[in-house]
4 protein chains.
Amino acid sequence: MVTELLDQDVPARAGRPRDPRLDDAIVAATLALLEERGYAGLSFTAVATHAGTTKPAIYRRWSSKRDLVLEAVFRTQGDDVVANTGDLDADMRTMVRWSLEKLGSPVGRAALAGLLAEPPGTAGTPTDQLTLVWRRMDERFREAIERGEIRQGLDTSSLIVMQAGAAMLATALYGESAIDDTWVERIAGMILDGVRGDRG
Amino acid sequence: MVTELLDQDVPARAGRPRDPRLDDAIVAATLALLEERGYAGLSFTAVATHAGTTKPAIYRRWSSKRDLVLEAVFRTQGDDVVANTGDLDADMRTMVRWSLEKLGSPVGRAALAGLLAEPPGTAGTPTDQLTLVWRRMDERFREAIERGEIRQGLDTSSLIVMQAGAAMLATALYGESAIDDTWVERIAGMILDGVRGDRG
Amino acid sequence: MVTELLDQDVPARAGRPRDPRLDDAIVAATLALLEERGYAGLSFTAVATHAGTTKPAIYRRWSSKRDLVLEAVFRTQGDDVVANTGDLDADMRTMVRWSLEKLGSPVGRAALAGLLAEPPGTAGTPTDQLTLVWRRMDERFREAIERGEIRQGLDTSSLIVMQAGAAMLATALYGESAIDDTWVERIAGMILDGVRGDRG
Amino acid sequence: MVTELLDQDVPARAGRPRDPRLDDAIVAATLALLEERGYAGLSFTAVATHAGTTKPAIYRRWSSKRDLVLEAVFRTQGDDVVANTGDLDADMRTMVRWSLEKLGSPVGRAALAGLLAEPPGTAGTPTDQLTLVWRRMDERFREAIERGEIRQGLDTSSLIVMQAGAAMLATALYGESAIDDTWVERIAGMILDGVRGDRG
DNA sequence: TGATAAGCGAGACGGTACGTCCGGTCTTGAG
DNA sequence: CTCAAGACCGGACGTACCGTCTCGCTTATCA
């Protein structure tokens with residue numbers, strides 16, 4: 001189909017439209033401040049000043065610090081994580097590396113902090129981008145099962161939380177600098193070693 | 001050996017001694033509020049009111065929300081994690097279960113949030129109790145290497161962050177209720193499967 | 001004369017306007033607490049609680065306890081002290097009575113305390129309302145000189161401080177209950193006796 | 001009685017006696033700080049530091065800031081106000097001058113502030129030294145009545161509060177520098193003019 | 001002479017109040 | 001309906017100080 005464009009059903013609301021440059025400026029300011037001061041040190045007031053706008057303009061777009069941070073951090077297109085080259089070992093390393101970058105970096109830490117700080121009732125709901133990525137990882141593991149690369153009956157979600165959790169915790173505990181490519185290979189290898197299809 | 005370690009031989013500092021009941025009341029109030037409102041919703045003011053004391057009394061004991069939360073959450077004696085029965089599979093499950101309890105519970109989430117919310121420079125330094133537990137886990141894994149239960153040359157710290165990270169992330173994503181004993185066995189099994197000594 | 005002074009033609013400043021009910025509540029709370037506990041026992045915290053608002057709301061309006069108390073106490077329109085009926089004796093009694101009410105009452109005491117407690121450099125600057133009243137008294141005395149009711153060359157400000165000071169000190173020393181109409185007549189009479197025009 | 005001395009019934013209490021040098025040091029520090037920062041700016045902590053002692057040592061002697069200030073300010077022997085030379089005009093000026101010095105000086109202001117700031121119930125009770133002086137003034141006026149220098153039936157206490165109140169208020173309003181000997185003569189003259197015996 | 005008692009400097013404690021920051025809301029005036 | 005500008009309300013912050021208490025010691029009176 002040709003007229004497949006216009007993936008925006010935006011009903012063209014009345015009134016002055018939002019200034020799209022503000023969205024970018026706010027996100028950029030958020031990331032910069034997050035990197036500099038962490039989640040606890042981030043304030044709407046500071047973001048507004050840094051982005052050259054005002055608090056109400058931010059509140060019109062995001063209703064809380066948590067939402068702002070999550071979107072700013074996980075804005076990734078998600079496509080760049082593909083991790084499906086056919087080589088499971090390589091793909092696993094890519095996933096671990098992605099987890100490290102996203103969860104282990106200062107802004108990732110901040111996003112997690114925002115997620116965890118919420119009141120207990122308000123569980124998961126990470127954010128669409130993040131779940132998208134995890135869905136892709138999940139698909140890759142299911143494919144590996146089909147291909148016989150790893151054992152049948154495995155819980156694929158466990159594979160995800162193992163590698164992502166390890167990445168998160170390792171940077172939180174040992175610092176970013178302590179985690180390098182060797183670490184990535186080690187973790188990827190240890191996990192895959194436990195699930196190889198050629199084992200049973 | 002006598003090891004008559006005479007109760008620390010406190011040097012009897014000058015000044016009025018602290019009221020020990022306040023320590024307990026503050027910690028109890030912190031845990032209660034953490035469970036109810038999460039890390040973000042915790043304030044020194046509220047803790048003070050709930051504990052029947054005042055903010056300065058808390059600040060004299062803990063210099064920040066992070067410190068207060070970490071100590072309140074990880075006050076465990078540490079001894080109850082032993083996890084050294086000789087049966088590696090059982091011990092691994094115990095460790096995972098401990099991680100789940102400590103990191104996956106509402107208060108555990110809150111403690112992690114506090115850890116992660118800090119500005120980037122201020123890395124790990126979790127808290128003495130937590131590192132104590134991890135040291136014990138580490139010792140158990142080294143022992144397993146010596147006994148040939150798991151392969152030589154393994155990085156024991158990776159084993160720790162894998163199981164603890166998985167526990168943490170799984171509860172954060174799927175909620176406490178979704179994580180049960182089956183999950184514990186699965187994770188413990190998957191990790192050990194990748195490192196068994198009888199494999200090489 | 002039209003004098004349609006159109007209510008100040010407020011320039012409609014930017015930003016949210018103040019809640020006028022808070023002004024009243026704060027002043028009322030201040031007077032109530034002043035009457036109950038005196039100047040020393042008055043705190044911004046207590047005023048805020050009693051007025052059902054918060055400290056910042058008070059600080060936005062008055063920058064110090066002294067300012068708050070002075071305005072709360074001397075909010076009088078000033079017009080009700082007229083004291084110019086043509087009968088000097090009666091007018092003098094009216095002035096003395098006003099001084100008693102304003103300076104001798106519990107809240108008046110408190111206002112004076114606030115005035116006097118300031119560091120030495122920060123002299124008088126009583127408050128606009130108070131100086132307004134004194135200016136009116138001054139005018140009345142000057143008129144009396146012109147009419148020959150009292151001697152020429154008199155320092156009118158001395159007349160003011162004598163009656164006001166006496167009122168203030170008498171209540172401070174003997175208590176409000178000890179000061180009645182007889183006292184007012186006596187003081188008014190003694191002062192006027194010393195300055196009558198028919199004397200020279 | 002001759003052996004009128006020994007106005008000390010001190011029962012020679014047990015325990016270590018108080019260090020008399022501390023009394024003086026504390027009073028001196030109080031006056032110095034009062035002059036420098038006013039009543040509101042005076043703190044026990046500062047007095048203790050300035051006097052080279054500690055807070056408990058001060059609290060053992062005076063139970064409140066008010067008590068400390070009043071005693072420090074009105075410690076006068078009282079004898080030096082004599083004001084009884086036989087010349088009523090001169091004596092009156094002496095009294096006014098004394099009032100000015102004691103009530104109008106920075107420390108006097110501070111003492112008054114302390115007096116007035118108390119909760120309403122806690123009325124007068126100035127301090128023994130101050131009432132002593134006022135009693136002497138009172139005696140002088142009664143004598144003047146007996147001698148026929150001033151009219152009979154006058155309320156002597158009114159004469160006192162008039163001159164003292166005027167002195168207090170004048171310095172509070174116009175500042176110390178604005179009040180000089182001319183002012184003293186004027187006030188003394190105006191009061192006496194109203195009460196001379198040769199008038200009736 | 002030894003016991004008792006109150007004083008001392010030092011210094012931390014529990015708690016009141018302070019003065020400020022900032023999160024979230026609201027208003028104006030313009031686009 | 002948005003924008004910038006900006007003030008508002010109120011929750012919470014981190015700190016200063018008050019008045020009290022405990023310590024280890026000193027200095028007196030009393031037994």
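Each chain gets a letter, A, B and so on, in the order its sequence line appears, and its residues count up from 1.
When the nearest nucleotides of DNA chain E are assigned to C:Y59 and D:P17 by heavy-atom distance, the more 5′-ward of the two goes with D:P17. Nearest-nucleotide mapping onto DNA chain F: of C:G15 and B:A46, the residue sitting toward the 5' end is C:G15. The nearest heavy atom of DNA chain E to B:A57 and to C:K65 marks one nucleotide each, and the one closer to the 5' end goes with B:A57.
Here C:R61 pairs with C:D23 in a salt bridge; the nearest charged N to carboxylate O distance falls below 4.0 Å.
In this structure, the CG atom of A:L22 is 15 Å from the C1' atom of F:dC1, given to the nearest Å. The CZ-C1' distance, from D:R66 to F:dC18, rounds to 18 Å in whole Å. Rounded to whole Å, the distance from OH on B:Y39 to P on F:dA12 is 15 Å. For A:W62 and E:dG23, the CH2 to C1' distance is 17 Å, given to the nearest whole Å. Rounded to a whole Å, the CD1 atom of C:I26 is 11 Å from the C1' atom of F:dC9. Counting to the nearest Å, the C1' atom of E:dG14 and the CD1 atom of B:I58 are 12 Å from each other. Atom CZ of D:R21 is separated from atom P of E:dG7 by 16 Å (rounded to the nearest Å). We find that CG of D:D19 is positioned 12 Å from P of E:dG7, with the value rounded to whole Å.
In this structure, of F:dA16, F:dC9, E:dG14, it is E:dG14 that holds the atom nearest to the side chain of B:R61. Taking only side-chain atoms of A:F44, from C-beta outward, the nucleotide of F:dC13, F:dC18, E:dG23 with the closest atom is E:dG23. Set against E:dA10, F:dT15, E:dC26, the side chain of C:R16 has E:dC26 as its closest nucleotide.
For E:dG15, the OP1/OP2 oxygens have a side-chain nitrogen or oxygen of B:T53 closer than 4.0 Å. Note on A:T54: every side-chain N or O is 4.0 Å or more away from OP1 and OP2 of F:dG6. OP1 or OP2 of F:dC18 lies within a sub-4.0 Å distance of a side-chain N or O belonging to D:S43.
Formation of a donor-acceptor pair under 3.5 Å by the B:K65 side chain with backbone atoms of B:L42 is found in this model. Remark: the backbone N or O of C:R18 is not paired with any side-chain donor or acceptor of C:R60 at under 3.5 angstrom.
The base of E:dG15 lies close enough to the side chain of B:R60 for a donor and an acceptor atom to sit less than 3.5 Å apart. At a cut-off of 3.5 angstrom, the base of E:dG14 holds no donor-acceptor pair with the side chain of B:R18. Evaluation of atom-type donor-acceptor distances gives a pair under 3.5 Å for the side chain of B:K55 against the base of F:dG14.
When each of A:I26, A:T45, A:T30 is checked for a side chain to side chain contact (heavy atoms under 4.5 Å, CB included) with A:I58, only A:I26 meets the rule.
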task: Apply side-chain contact (heavy atoms from CB on, under 4.5 Å) to the pair A:L70 and A:W62, showing each step before the final yes or no.
output: CA-CA 10 Å; A:L70 286 181; A:W62 295 278; over 6 Å; no
